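Only a predicted model underlies this, so the values are computations on that prediction, with no experimental measurement involved. Hydrogens, waters and symmetry mates play no part in the numbers below; they use all other heavy atoms, side chains included. Below, chains carry the letters A, B, ... as their sequence lines are ordered, and counting in each starts from 1.
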Number of protein chains: 2
Amino acid sequence: MPVGLNPDEHELLARIAHRSYVDARTQEQIAEEFALSRPKVGRLLERARATGVVDIHIDTPRGLDLGLEDRLAEVFGLRHAIVAPAAAEPAEQRALVGRSAARYLERRLADGQRVAVGHGRDLAALAAAFREPTATGCVFVSAMGGSPSVDAPTNPNEIARVLADAADGTAHSLYAPAYVADGQVRDQLRRQDAVGGVFDLAATAALALVGIGGTDDECTMVRSGCLSAAEIARLRARGAVGDVLGTYLDAAGAAITAPHSERVMGLSLTELRNIPAVVAVACGPEKPLAILGVLRAGIVDALVVDEPNARAVLNLQSGARADRAQES
Amino acid sequence: MPVGLNPDEHELLARIAHRSYVDARTQEQIAEEFALSRPKVGRLLERARATGVVDIHIDTPRGLDLGLEDRLAEVFGLRHAIVAPAAAEPAEQRALVGRSAARYLERRLADGQRVAVGHGRDLAALAAAFREPTATGCVFVSAMGGSPSVDAPTNPNEIARVLADAADGTAHSLYAPAYVADGQVRDQLRRQDAVGGVFDLAATAALALVGIGGTDDECTMVRSGCLSAAEIARLRARGAVGDVLGTYLDAAGAAITAPHSERVMGLSLTELRNIPAVVAVACGPEKPLAILGVLRAGIVDALVVDEPNARAVLNLQSGARADRAQES
DNA sequence: CCGAAACCTGAGCATCCGCTCACCACTGAG
DNA sequence: CTCAGTGGTGAGCGGATGCTCAGGTTTCGG
């Protein structure tokens, strides 16, 4: 029961709340009935809500924590944050994140929008769960190169195709590897019409859909053969915590620069920043630092993650803020 | 959890409800966020309420049953129905009803209103609990004669005085007995300025405050000496179930007529009907039929009763309706 | 006892919300 | 395949709501 309220006041608030919420009377009618002014009734109703005399409870589907999403969006300045319920099995967890991301994307897509598509198991899970959205005529474009095993479901081309199929739209594939030998080769490749044209389409997309990769030896880049274990180790040594479209970032959100960054066949951070909306999807226990780095880079507009990552990232960030506060 | 809702729909309703009720966003902002039209968001919120995804609970003070009040008001066409919580002890019950009635009257009184006042233990309890209302300059007028023991706290004069004191208003006393020998004496008395003037004041009051008397041998009329046990028994034999200002009614709400009705020194039912608002107060286990009769007479605008009576009266009425339905 | 500050109050106004209505897509029967 | 019926959708509008602000009252401290 509400505290700091005398019984008469409590009764009045309950009566007025009853009229308002149960009988759906207008504030004016209630004012009339209780011989009060209309604004006063409004204030009493507000007070009833504030003191808990009226308790509005929302039956959230099991596992969904909307407050957590709000905090995530607030702390990192995101437009949308979607937190999928926690799951015991990694595969199940990825499916849940994929499903959440799919529902989100279905809502978010607008007619005729072009979508730049990244790679990874999380985006593959999104694609697998994706159903026909309300929007029509959408175009899905690979935003980065592929891995040696070209038909793997985690390749951008494959993901773009699956999405286009489900959305009854079209797909543009990028026929290039994720990494080339050096910047010179990259520039040369991008000058090819078949490659550069797709890059341009991706760079001017209305929306980018990206995974967040890790820097462990089991990450997608290594498993798919895009990078060697030695290369990943070198990136780790330079402070890399994760990647977006092949560009690696440190924990502060800064890009790991040349020579590695010049070998990437994927939209750069600058190009990504020019896309109006970047949707990032991530899950898995190895990801908190990677997500943190990407969020701090300020390129992400919407984030879809599993609950453990959401909590972990928030803890890392608030810990960092506490540290800074202590220093000063 | 809500039934008949698929999980995706449930999640969407919960998300939208969260934005609306927790984050206090406007429907337009929500529509923007979820790529829906504004009316659609309104409909979804309505649906969320209907399906129980949002559950609005009102913390009612212990013992208060606002739904019961609503039914009472609905069934008998009352403007207000106030039900005081049930109590174990009769004295406690009367105090609770008196308190509820006092709070109600304090709210209801408007500046300068004249109030016609009846008698009885229930009104005495009201007067005892009465505190200064917001309205000022109110006038309290006895609407019926008194009992032989003139200073008893249940006499109209005494009740009017207490109310006037508390409200910082004025009181007009009626110096006449509740019953006289016959109609001739009554008319004669009412022609006296000191008596007739007060009657006129009472008859043109903005509000009447009446108790509902029973017809048992322990009723106020008998206990105060206004009527003898024999007289009450005769009234019972004629079908009387209760009284208002000394006028007895049967269970259908019709007045018991002459000769008894002509001996009353109190506002008649007709006079009462001309008063814009009649507030009746009643409590006690012997009262259900009396209350029923008075309510059926259609003179009452607002009723204050204890919970047992409220339930009993509703049961009696719905039983009667069922009977009539069965006949036809 | 007096002054000032804090609070509460109700008028006026801009915004928000629910309702009505015409329109359209989908469905099922002919 | 056609067409009436049904359920859902968004425009437009009038009423309802929340907010701001000036005025008045209470309650402190001096």
Side-chain angles (χ1 to χ4, degrees), chain A residues 2-6 8-13 15-54 56 58 103 106-112 131-137 167-168, chain B residues 2-6 8-13 15-54 56 58 103 106-112 131-137 167-168:
Chain A
V3 288
L5 233 57
N6 71 52
D8 284 344
E9 203 172 2
H10 182 188
E11 181 173 335
L12 182 64
L13 290 182
R15 282 186 183 282
I16 288 178
H18 184 84
R19 281 284 176 277
S20 176
Y21 290 101
V22 181
D23 302 337
R25 303 283 168 89
T26 72
Q27 297 189 358
E28 194 124 27
Q29 290 173 313
I30 298 171
E32 155 78 6
E33 173 173 349
F34 290 86
L36 300 166
S37 73
R38 211 265 302 152
K40 172 114 207 192
V41 172
R43 286 191 189 101
L44 288 173
L45 282 170
E46 190 186 335
R47 192 170 159 70
R49 266 172 267 131
T51 55
V53 171
V54 300
I56 300 181
I58 298 172
R103 291 300 91 75
E106 288 156 15
R107 282 206 310 265
R108 175 103 195 228
L109 278 179
D111 281 1
R131 295 188 306 221
E132 188 167 2
T134 44
T136 57
D168 201 22
Chain B
V3 289
L5 233 58
N6 73 51
D8 284 346
E9 202 172 1
H10 183 187
E11 180 172 336
L12 181 63
L13 291 183
R15 281 186 183 283
I16 288 178
H18 184 83
R19 282 284 177 273
S20 177
Y21 290 102
V22 181
D23 301 338
R25 302 283 169 89
T26 74
Q27 297 189 356
E28 193 123 29
Q29 290 173 312
I30 298 171
E32 154 80 6
E33 173 173 347
F34 290 86
L36 301 165
S37 74
R38 210 264 300 156
K40 171 114 207 187
V41 172
R43 285 191 189 101
L44 289 172
L45 283 170
E46 189 186 336
R47 194 171 156 68
R49 264 172 271 132
T51 55
V53 171
V54 300
I56 299 181
I58 297 173
R103 291 300 91 74
E106 289 156 14
R107 282 206 309 266
R108 175 107 194 225
L109 278 179
D111 283 359
R131 296 188 305 223
E132 188 168 3
T134 45
T136 57
D168 201 19

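In this structure, A:S20 contributes its side chain and A:I16 its backbone to no donor-acceptor pair below 3.5 Å.
At a cut-off of 3.5 Å, with distance as the only test, a side-chain donor of A:Y21 or A:R49 sits close to an acceptor on the other residue.
By the salt bridge (Lys or Arg N to Asp or Glu O under 4.0 Å) test, B:R43 is found to be paired with no residue, residues two or more places apart in sequence or in another chain being considered. Applying the side chain to side chain contact (heavy atoms under 4.5 Å, CB included) rule to A:T134 yields no partners; only residues at least two apart in sequence or on another chain are considered. Legend: residues meeting side chain to side chain donor-acceptor pair (under 3.5 Å) with B:E11, ordered by chain and number and at least two apart, are B:R15. For A:D23, the side chain to side chain donor-acceptor pair (under 3.5 Å) partners two or more places apart in sequence, or in a different chain, are A:R19. Every residue meeting the side chain to side chain donor-acceptor pair (under 3.5 Å) condition with A:R108, not counting sequence neighbours, appears here in chain and number order: A:Y104, A:D301. Judged as a side chain to side chain contact (heavy atoms under 4.5 Å, CB included), and not counting sequence neighbours, the contacts of B:E32 are A:R79. Looking at residues two or more places apart in sequence or on another chain, you find a side chain to side chain contact (heavy atoms under 4.5 Å, CB included) between A:E106 and A:A102, A:R103, A:F130, A:R131, A:P133. With sequence neighbours excluded, the residues forming a side chain to side chain contact (heavy atoms under 4.5 Å, CB included) with A:T136 are A:D111, listed by chain and number.
Distance B:R47 CZ to C:dC17 P: 20 Å, rounded to the nearest Å.
Between B:F34 and B:L12 the shortest side-chain heavy-atom distance falls below 4.5 Å. Between A:L44 and A:I30, every side-chain heavy-atom pair lies at or beyond the 4.5 Å cut-off.
Terminal axes of the helix from C:dC1-D:dG30 to C:dG30-D:dC1 (five pairs each, C1' rotation axis) are separated by 30°, to the nearest 10°.
For DNA chain D, the contact window with chain B, defined by any atom under 4.0 Å from a protein heavy atom, covers D:dT9 to D:dG12 in 5' to 3' order.
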With 3.5 Å as the limit, what N/O pairs link the protein to nucleotides 18-20 of chain C?
residue: C:dG18; atom: OP2; partner: B:Q27; partner atom: NE2; Å: 2.7
residue: C:dG18; atom: N7; partner: B:R38; partner atom: NH1; Å: 3.0
residue: C:dG18; atom: O6; partner: B:R38; partner atom: NH2; Å: 2.6

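Listed by residue number, the members of residues 16-24 of chain B with any heavy atom below 4.0 angstrom from DNA chain C form an empty set.
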